[in-house]
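First the structure, in the form of structure tokens, and then the observations on it.
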Amino acid sequence: MEKEIDEKKQGTSLVLEHKEGNSKKLFIESYGCAMNFSDSEIVASILTEQGYNTTQKLEEADLVLVNTCSIRDKAEQTVRKRLEKYNAVKRSINPGMKVGVLGCMAERLKSQFLEEEKIVDMVVGPDAYKDLPNLLKEVEEGRDAINVILSKDETYGDVSPVRLNSNGVNAFVSITRGCDNMCTFCVVPFTRGRERSREPQSIMAEIQDLWDRGFKEVCLLGQNVDSYLWYGGGLKKDFDKATEMQKATATDFAQLLEQCAIAFPKMRFRFSTSNPQDMHEEVLHVIAKYDNVCNYIHLPVQSGSTRILKEMNRQHTREEYMELVDKIKRIIPDCSISQDMIAGFPTETEEDHQDTLSLMEYVEYDFGYMFAYSERPGTLAARKMEDDVPEEVKKRRLQEIVDLQQILSEKRTKRFLGQTVEVLIEKESKKSDKHWSGRNSENVVTVFPKENYKEGDFVLVKVTDCTTATLIGEAVGYSLMQ
């Protein structure tokens, strides 16, 4: 599980401004990680040019698309229920409706969806979105349509994504696609293909467009951003075959991040996700050097046991991970670190579990994304390893991880009491229409009275109170980023 899953966003149906003259209606729903939500913006952009406007009324849609996730069994079961719902509407209300599956489930379950169960008209993999116009023609002519071919070079760098359900303040910008890491529990290399990076100029152009439209924060997004490497195109694994000139003029992630920070000094930058074995010290120095690069690193570890890490093919040991954390804390003393953790991976013993808890205490994570292991079909773990940890043991271990993280989160959040922090206002607080909500550089949600400030403002907030994961305070003026 390499991406953050925001449970509050799951199943969001997407809306964008209507284009005059477009008569067809698109209903598009997304599940899974930020990469999937970003991909839905690319799909909507392509379909806008094909005469579609979005709708939130499923019953009136000409085309219904669900962007899917294969990371966890729960996500797949949810998508199946949604497909049942779409087909019920198709049968009883709108027989002309066409249904399509996008994303990570598409490749894995293509024949099942199209041929065996006949619950969709179209299956489109993550690298085939530009083929949507051709696939739609096939569907309109009464044929099933499928394209799940994984590309060696598709990055969608030339597609300007529409911003769906945007607050106009934060945006995701994809910089890499695919993954080479082959963790034994993960389907991503099989559903999203090998790792390739996007041209820096197209990334900077997209950020420039966001800046021109008033956005204030960008999260650079990829399955593994730290291994970003542009040398003129092609797969990262083929870099050793590049010419001397290509190698000399290549751009790595530290250089890209620094380019962003310098080119847009009044815009804030985050990135996700980092892989421990690929995070280089140069990136840490860029974070430390530039105030507009946030002091926050999402650093998945999955287990605190070196033995289990080896079984997971994580390519780093417990000790190497701890050395990296020490380096982060030395170079960026106030940095927040978050984790992904899997409880109950095959063969995990009580001793392995205790290693995970002790690692958490050593790092003192600010927050985390914690799950019980669920076997994913097609992964190496599913093919070669028995899912041998009983469910009740998984649940108990997961609860112990969650309980410890609660304690650590509270401790880490309390460190801001009495401090003044810089907050980017993102939206109205959920609990009070008289308060703003935003995040500080360390990614902690901060709530304070509205006064005369507005969304998109950079504000200094004096922290007076906190909950486990939220800071409470009062604004004392604008920050230098304003």
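Keep in mind it's a predicted model, so treat the numbers as computed, not measured.
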**Request:** Go through the steps for Arg314 and Glu320 under the test salt bridge (charged side-chain N to carboxylate O under 4.0 Å, His left out), then give the verdict.
**Result:** CA-CA 11 Å; Arg314 286 294 288 168; Glu320 286 165 344; over 6 Å; no
**Message:** Treating Ser437 as the side-chain partner and Ser429 as the backbone partner, does any N or O pair qualify as donor plus acceptor under 3.5 Å?
**Reply:** no
**Asked** Could you go step by step and tell me if Asp366 and Asn443 meet the side-chain hydrogen bond (donor to acceptor under 3.5 Å, both in side chains) rule?
**Response** CA-CA 9 Å; Asp366 291 73; Asn443 209 36; over 6 Å; no
**Message:** What verdict does the salt bridge (charged side-chain N to carboxylate O under 4.0 Å, His left out) test give for Glu258 and Lys289, after you've listed the backbone C-alpha separation in whole Å, the side-chain angles of each residue and the deciding distance to 0.1 Å?
**Reply:** CA-CA 9 Å; Glu258 186 163 41; Lys289 184 176 180 181; 3.6 Å; yes
**Asked** Just how far is it from atom CD1 of Ile328 to atom CD1 of Ile337, taken to the nearest 0.5 Å?
**Response** 4.5 Å
**Prompt:** If you look at every heavy atom in Ser479 and Glu422, which pair is closest and at what distance?
**Reply:** OG-OE2, 2.7 Å
**Fill in**
Thr464 meets the side-chain contact (heavy atoms from CB on, under 4.5 Å) criterion, sequence neighbours left out, with none
**Prompt:** Can Lys394 and Glu391 be counted as an ion pair, charged N to O under 4.0 angstrom?
**Reply:** yes
**Prompt:** What's the verdict on side-chain hydrogen bond (donor to acceptor under 3.5 Å, both in side chains) for Asp352 and Thr349, showing C-alpha distance, side-chain angles and the deciding distance?
**Reply:** CA-CA 5 Å; Asp352 295 322; Thr349 64; 3.0 Å; yes
**Message:** Under the criterion side-chain hydrogen bond (donor to acceptor under 3.5 Å, both in side chains), I'd like the reasoning laid out for Asp226 against Ser274: C-alpha separation, chi angles, the key distance, then a yes or no.
**Reply:** CA-CA 6 Å; Asp226 293 276; Ser274 294; 2.7 Å; yes
**Prompt:** Below 4.5 Å, heavy atoms only, C-beta onward: do Val459 and Ile425 meet side chain to side chain?
**Reply:** yes
**Prompt:** Do the non-hydrogen side-chain atoms of Leu324 and His316 ever get within less than 4.5 Å of each other?
**Reply:** no
**Request:** Report the relative orientation of the aromatic rings in Phe264 and Phe269; use parallel for angles under 30°, tilted for 30 to 60°, perpendicular for over 60°.
**Result:** tilted
**Asked** Sub-3.5 Å donor-acceptor pair from the side chain of Tyr290 to the main-chain atoms of Leu257, do we have one?
**Response** no
**Asked** Do you know the tightest heavy-atom contact between Ser40 and Asn67?
**Response** OG-ND2, 3.0 Å
**Message:** When you measure from the side chain of Arg268 to the backbone of Phe458, do you find a donor-acceptor pair of N or O atoms at a distance under 3.5 Å?
**Reply:** no
**Asked** Any side-chain heavy-atom pair from Asp403 and Ile407 closer than 4.5 angstrom?
**Response** no
**Prompt:** Any sub-3.5 Å donor-acceptor pair from Ser441's side-chain atoms to Asn295's backbone N or O?
**Reply:** yes
**Side chain to side chain, Pro300 and Thr273, heavy atoms closer than 4.5 Å** = yes
**Message:** Show, in sequence, the C-alpha distance, side-chain angles and deciding distance for Glu364 and Arg415, and conclude whether the salt bridge (charged side-chain N to carboxylate O under 4.0 Å, His left out) test is met.
**Reply:** CA-CA 12 Å; Glu364 293 193 326; Arg415 81 188 193 272; over 6 Å; no
**Prompt:** Run the side-chain contact (heavy atoms from CB on, under 4.5 Å) check on Val301 and Tyr365 step by step: do they pass?
**Reply:** CA-CA 11 Å; Val301 64; Tyr365 292 107; 3.5 Å; yes
**Complete:** So the ring-ring contact (aromatic ring centres under 6.0 Å, His included) pairs with at least one residue in residues 373-417 (sequence neighbours excluded) are Phe345-Tyr373
**Residues Arg307 and Glu351 bridged, charged N to O under 4.0 Å** = no
**Item:** Qualifying residues under side-chain contact (heavy atoms from CB on, under 4.5 Å), relative to Lys414, sequence neighbours excluded
**Value:** Glu410, Leu417, Cys466
**Prompt:** For the atom pair CD (Glu41) and CZ (Phe172), what is the distance rounded to the nearest 0.5 Å?
**Reply:** 8.5 Å
**Item:** Residue pair Tyr86 / Val66, side-chain heavy-atom distance below 4.5 Å
**Value:** yes
**Asked** When rounded to the nearest 0.5 angstrom, what is the spacing between CD1 in Ile308 and CD1 in Ile342?
**Response** 10.5 Å
**Message:** Apply side-chain contact (heavy atoms from CB on, under 4.5 Å) to residues Leu284 and Met279 and explain how you reach the verdict.
**Reply:** CA-CA 8 Å; Leu284 305 181; Met279 175 157 257; 4.0 Å; yes
**Prompt:** Take atom CG in Asp291; do more than 12 heavy atoms of anything else shown fall under 6.0 Å from it?
**Reply:** no
**Item:** From Ile207 atom CD1 to Cys260 atom SG, the distance as rounded to the nearest 0.5 Å
**Value:** 3.5 Å
**Message:** Would Ser338 and Tyr296 count as a side-chain hydrogen bond (donor to acceptor under 3.5 Å, both in side chains) here? Give the steps.
**Reply:** CA-CA 8 Å; Ser338 59; Tyr296 167 60; 2.6 Å; yes
**Request:** Indicate yes or no: at least one non-hydrogen side-chain atom of Val363 is less than 4.5 angstrom from one of Leu408.
**Result:** no
**Message:** Closer than 3.5 angstrom, by distance alone: can the side chain of Glu426 be matched with the main-chain N or O of Val169 as a donor-acceptor pair?
**Reply:** no
**Complete:** Met360 and Gln339 have their tightest heavy-atom pair at CE-NE2, 4.0 Å
**Item:** Minimal non-hydrogen separation, Asn440 against Arg270, with atom names
**Value:** O-NH2, 2.9 Å
**Prompt:** Charged N to carboxylate O under 4.0 angstrom, Glu442 versus Arg412?
**Reply:** no
**Message:** Any non-hydrogen side-chain atom of Asp180 less than 4.5 Å from a side-chain atom of Leu235?
**Reply:** no
**Request:** Decide if atom NZ of Lys247 counts as having more than 12 heavy atoms of other residues, nucleotides or ligands within a radius under 6.0 Å.
**Result:** yes
**Prompt:** Where is the tightest heavy-atom contact between Val225 and Ser272, given as atom of each residue plus distance?
**Reply:** CG1-O, 3.4 Å
**Message:** Measuring from atom CD of Glu29 to atom OG1 of Thr68, what distance do you get when rounded to the nearest 0.5 angstrom?
**Reply:** 12.0 Å
**Asked** Just by modelled atom types, is the Ala261 backbone N or O under 3.5 Å from a matching donor or acceptor in the Asn292 side chain?
**Response** yes
**Message:** Please enumerate all residues that pass side-chain contact (heavy atoms from CB on, under 4.5 Å) together with Asp388, with sequence neighbours excluded.
**Reply:** Pro346, Thr347, Glu386
**Request:** Enter the distance from Glu195:CD to Asp238:CG here, rounded to the nearest 0.5 Å.
**Result:** 12.0 Å
**Request:** Taking all non-hydrogen atoms of both residues into account, name the closest pair between Glu199 and Tyr228 and its distance.
**Result:** C-OH, 4.0 Å
**Message:** Do Asn313 and Leu380 make a side-chain contact, defined as non-hydrogen atoms from C-beta onward lying under 4.5 Å apart?
**Reply:** no
**Prompt:** Just by distance, do the side chain of Arg318 and the backbone of Gly304 share a donor-acceptor pair under 3.5 Å?
**Reply:** yes
**Request:** For Asp252, check side-chain contact (heavy atoms from CB on, under 4.5 Å) against everything at least two apart and list the hits.
**Result:** Leu229, Ala254, Gln255
**Request:** State whether Glu350 and Arg396 are salt-bridged, where the test is any N-O pair (Lys NZ or Arg NE/NH1/NH2 against Asp/Glu carboxylate O) under 4.0 Å.
**Result:** yes
**Prompt:** Is the shortest side-chain N to carboxylate O distance from Asp127 to Arg196 below 4.0 Å?
**Reply:** yes
**Item:** Pairwise salt bridge (Lys or Arg N to Asp or Glu O under 4.0 Å) hits with a residue in residues 322-338, at least two apart
**Value:** Glu281-Lys327
